[in-house]
There are 2 protein chains.
Amino acid sequence: MLRDASLRVTRPRLAVLAAVDAHPHADTGSVISAVRGELGAVSHQAIYNVLGALAEAGLIRRIEPAGSVARYEVRVGDNHHHVVCRSCGAIADVDCAVGDAPCLSASHDHGFVIDEAEVIYWGLCPDCSASRSRSSL
Amino acid sequence: MLRDASLRVTRPRLAVLAAVDAHPHADTGSVISAVRGELGAVSHQAIYNVLGALAEAGLIRRIEPAGSVARYEVRVGDNHHHVVCRSCGAIADVDCAVGDAPCLSASHDHGFVIDEAEVIYWGLCPDCSASRSRSSL
DNA sequence: CATCAATCTTGAATGATTCCACATCACGGC
DNA sequence: GCCGTGATGTGGAATCATTCAAGATTGATG
């Protein structure tokens, strides 16, 4: 995969790919921890470089829900979206509700050349939802 | 408006409302400048407090496109979305493509209780789009 | 095996946002 | 109209994700 993207195959890169694959929606800090757990000392700068390079190469996808730090996932190219919990920040994948590229046709695009529609659903995850209704009894 | 939200009417709050109304999608820094231009010295903390309070009261809406700082707008309650320019960061409003709450029905919600669907269209604004095609000639 | 550019390391810098403790002001009651 | 009190604003330091910069390593090629 790395070679196909004309990226050198280095230990940090392999470890980052493995970490993101193993922990979907992991933030940068989690990736750093995971990579260090596997390789030992690795500079955070290296992780940032790798995440940036992989994201630019399209091998991973970067998501940044409001109020959260950057998160990464290996599931790319299928235009899926995310549900984010307002309370605990948990994230889950959501397939497109209306076919492959749902809202990709904006009603009035102001002359913009649109190439992607990103959808984030906001709400409460099962756990937080349960504790809310429990505490409101 | 402020009183209806049980918020005290202070000069900073009025100035912030006016600033956000006058500059749609303005970031915090712009709001601070605008408010100071009108009132003189105002602490940045006050602006943050006000923006947070107004957003929580639902008088303004906060948007945070990936790679951008927080931005605010007074247009609330109509579930509209945004187009963001990948090149210059320009933002424009976009009405819902498919009725009032388009993608609000996720195909599989993982048990989440969803209350809002936020859509961000990514692309190039007219200006950046023009300069891109020009430079690629 | 040698070479060179791509990549990693180290450590400092940036910048938006938040925390804290104290001063001040808006608003309901007298 | 004046007061008291709690909500707000002030000033300044602190946090923390992310980025910059310069020099040391290392992967890929011939």
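These numbers were taken from a predicted model, which means no experiment stands behind them. So you know, we letter chains A, B, ... as the sequences are listed, proteins then strands, and number each from 1.
- Within the nucleic acid shown, B/Ala53 has no heavy atom closer than 4.0 Å to any nucleic acid atom.
- Regarding contacts with the backbone of C/dT7, a side-chain N or O of A/Arg13 is found under 4.0 angstrom from either OP1 or OP2.
- For the pair B/His44 NE2 and C/dT17 C1', the computed distance is 9 Å after rounding to whole Å.
- As rounded to whole Å, 17 Å separates atom P of D/dA17 from atom CG of A/Asn49.
- Closest approach to the B/Thr10 side chain among D/dT8, D/dG27, D/dT18 is made by D/dT8 (side chain taken as heavy atoms from C-beta onward).
- Salt-bridge check for A/Glu73 with A/Arg71: failed, with every basic side-chain N at 4.0 Å or more from each acidic carboxylate O.
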Residue pair B/Glu116, A/Arg86: steps toward the salt bridge (charged side-chain N to carboxylate O under 4.0 Å, His left out) verdict:
CA-CA 10 Å; B/Glu116 181 189 347; A/Arg86 283 203 146 88; 2.8 Å; yes

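- Between A/Arg75 and A/Asp95, at least one side-chain N (NZ, or NE/NH1/NH2) sits under 4.0 Å from a carboxylate O, which counts as a salt bridge.
- Computed from coordinates, the A/Ile32 CD1 to D/dT19 P distance equals 12 Å when rounded to whole Å.
- Atom pair A/Ile47:CD1 and C/dT10:P shows a separation of 13 Å (rounding to whole Å applied).
- Straight-line distance from the CZ atom of A/Arg8 to the P atom of D/dG27: 9 Å, rounded to whole Å.
- In terms of heavy atoms, A/Ile120 sits closest to A/Pro65 at CD1-CA, 4.1 Å.
- Atom CZ in A/Arg36 sits roughly 9 Å away from atom P in C/dT9 (whole-Å rounding).
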